[in-house]
Amino acid sequence: MINEEFDAIVIGAGMSGNAAAYTMASDGLKVLQLERGEYPGSKNVQGAIMYANMLEKIVPDFRDDAPLERHLVEQRLWVMDETSHTGIHYRSEDFNEVKPNRYTIIRAQFDKWFSRKVREAGATVLCETTVTELVRDGNGKVIGVRTDRAGGAIYADVVVLAEGVCGLLGTRGGLRKMLKPEAVALAVKEMHFLPEEIVEQRFGVKGSEGCVIEAVGTISHGMAGLGFLYTNKESISLGIGCLVSDFTAKMESPYTLLDALKHHPSIRPLIAGSEVKEYAAHLIPEGGYKAIPQLFGDGWVVVGDAAQLNNAIHREGSNLAMTSGRIAAEAIIQVKRRNDPMTKRNLALYKTMLDESFVVKDLRKYKDMPSLLHNNAGNFFTTYPKLMSQAAQNFMRVDGTPKIDKEKATTAAFIKARSRLGLVSDAIRLALAWR
Ligand SMILES: Cc1cc2nc3c(=O)[nH]c(=O)nc-3n(C[C@H](O)[C@H](O)[C@H](O)COP(=O)(O)OP(=O)(O)OC[C@H]3O[C@@H](n4cnc5c(N)ncnc54)[C@H](O)[C@@H]3O)c2cc1C
């Protein structure tokens, strides 16, 4: 099929693969990128909030032509029970800056744009090409790949695995272990189309301003999970995800949760009259710092979701993917410039550089948080949201009950639900995990 030899082969044309391929090709490396989808983005799912800072470090002038939906000026964080939401809303005019910080995007369009940049930078991009196997030399060093196309192996000095969360090549190749159901969430998402002016009226935004809602609570039926609603120009992305292990244990289906979320009294009016045109489901790595596998070896590095680099607490993934892709590429460029071989020892530079970045620092900071939330899902996602709603309603309802009795009732409700010891221990564990 392809007889040329490449400096690098990148597997996957998602956020991490495009970042890696673009960075290396821009520096003059001979790069081949292989994507199994019909076009880049055709297989990819995201909420999606895209973080400008991380893309700017790769394509500084991306705002000139990238397909961006809305820049975010408002974020709502909701804790929900069956009939209510208690929320923190943050909105600032400061977010109407010349170079906004966060945008909503539609991945199918965005990935196509990013891939065009990769091609313009000089990489060869082949879609509808699934990498089926890593090729190794007699010493076990990865020296290329085999694909589902006719022909033999394709060779390169280094292979960048940017194959996404399932990472079948890496697991099959023995580079890392299979995903654990308790370390991965399954999220489902629908695109609700509405006229632009309706989106703007409902969310109090104008022009390209956008608003997002992220929600936890009884909407996840006692499982560790998160719901989200993101405004695009003429559509709303609505979705929810929970741990795969919880879905299995509770015998729940993701679509049942999404359906209930759509009918929640706080959400229903926001999507009323919309036309659903897309439905997607995808996994999200949520094991945190402890789930990060070996990141490099003889002739290979792994980036993005395939490396489990996802910050479930802050709901960030694409920025970690882009950054790890860029950093892996920069490490490869340095090794190449020194004319050193792409050995495990030399590619360790990637991990050294990644450890110094926000990617690993953030994941390390919250290293105990995923397991705390996952193991106490009933308390954090059902008991406390209900108590918060009761407390807020008790506080706001004026019915002649003396305030002192209302305060006592709220305290009693918390203690009845969790006991003093349980409350104190949850608070301490949360504070320790958050510190
Ligand atoms: C519902 C949902 C909402 C999300 N919301 C957000 C959000 O709002 N903000 C955010 O920052 N992150 C979000 N994320 C996470 C974000 O989508 C991921 O972190 C990001 O897409 C990871 O990029 P990646 O390049 O590592 O993997 P992907 O984007 O998954 O790309 C992997 C690519 O590799 C290709 N591939 C796989 N195997 C092969 C093979 N053998 N041969 C060839 N090609 C192959 C795939 O087709 C795919 O194109 C969300 C995720 C989900 C599921």
Side-chain angles (χ1 to χ4, degrees), residues 9-21 32-52 54-55 69 72 75 102-108 110-112 114-115 125-134 145-149 159-173 184-191 212 214 225-230 232 237-242 254 258 279-286 302-312 314-326 328 359:
I9 292 174
V10 178
I11 305 169
M15 288 290 200
S16 60
N18 283 335
L32 173 67
Q33 188 181 33
L34 302 168
E35 165 58 48
R36 65 182 172 161
E38 189 188 339
Y39 57 87
S42 60
K43 296 270 183 194
N44 300 339
V45 182
Q46 193 176 324
I49 302 179
M50 193 278 294
Y51 304 90
M54 290 78 199
L55 182 56
E69 291 290 310
L72 298 180
Q75 174 113 15
R102 298 182 304 161
Y103 295 88
T104 49
I105 55 165
I106 295 172
R107 278 291 296 271
F110 184 86
D111 287 11
K112 264 191 199 166
F114 207 167
S115 182
V125 182
L126 283 184
C127 291
E128 297 187 286
T129 309
T130 301
V131 177
T132 51
E133 198 189 336
L134 298 171
V145 299
R146 277 200 180 79
T147 74
D148 60 351
R149 291 196 180 212
V159 173
V160 178
L161 291 112
E163 51 175 335
V165 55
C166 293
L168 291 177
L169 275 173
T171 44
R172 263 195 249 123
V184 65
L186 174 61
V188 287
K189 172 189 141 173
E190 281 181 354
M191 294 282 279
V212 299
E214 287 174 332
L226 178 93
F228 60 86
L229 183 157
Y230 299 156
N232 303 314
S237 305
L238 181 70
I240 187 162
C242 291
L258 184 56
Y279 176 79
H282 208 273
L283 296 173
I284 308 178
E286 296 216 341
V302 58
V303 295
D305 274 12
Q308 310 295 300
L309 300 172
N310 198 293
N311 187 337
H314 283 264
R315 299 140 340 267
E316 294 175 18
S318 63
N319 50 339
L320 281 69
M322 284 190 277
T323 303
S324 57
R326 172 181 61 81
V359 173

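Side-chain atoms are counted along with the backbone in the values below, which use heavy atoms only and exclude waters and symmetry mates. Counting convention: from 1, in listed order, for ligands and their atoms alike.
- Protein heavy atom at the shortest distance from atom 15 (C) of ligand 1 is Asn310 ND2, 3.9 Å.
- Contact annotation: for Ala162 versus ligand 1, heavy atoms closer than 4.0 Å belong to the backbone alone.
- Within the listing of ligand 1, atoms 42 (N), 43 (C) sit less than 4.0 angstrom from a heavy atom of Thr129.
- Ligand 1 is never approached by Gly241 to a heavy-atom distance shorter than 4.0 Å.
- When non-hydrogen atoms are compared, ligand 1 lies under 4.0 Å from neither the backbone nor the side chain of Thr147.
- Scanning all protein heavy atoms for the shortest distance to atom 42 (N) of ligand 1 gives Val131 N, 2.9 Å.
- In Glu35, the parts holding a heavy atom less than 4.0 Å from any atom of ligand 1 are both the side chain and the backbone.
- The nearest heavy-atom contact from the protein to atom 19 (O) of ligand 1 is Asp305 OD1, 2.8 Å.
- When hydrogens are left out, the protein atom nearest atom 34 (O) of ligand 1 is Gly12 CA, 3.2 Å; that is the closest non-hydrogen contact.
- Close approach of ligand 1 to Leu34 is summarised as follows: ligand atoms under 4.0 Å from at least one heavy atom of the residue are 43 (C), 44 (N).
- Only the side chain of Arg107 comes within 4.0 Å of ligand 1, counting heavy atoms alone; its backbone N, CA, C and O stay farther away.
- Pairing each heavy atom of Leu258 with each of Leu238, the nearest pair is CD1-O, 3.8 Å.
- With Gly14, Ala19, Gly164 as candidates, the residue nearest to atom 27 (O) of ligand 1 on a non-hydrogen basis is Gly164.
- Numbered from 1 in the order shown, with element, the atoms of ligand 1 that lie under 4.0 Å from a heavy atom of Ser16 read 24 (P), 25 (O), 26 (O).
- Only the side chain of Ala187 comes within 4.0 Å of ligand 1, judged by heavy-atom distances.
- In this model, a donor atom of one side chain and an acceptor atom of the other lie less than 3.5 Å apart for Asn232 and Ser237.
- The distance from ligand 1 to the heavy atoms of Ile11 drops below 4.0 Å at these ligand atoms: 40 (C), 42 (N), 43 (C).
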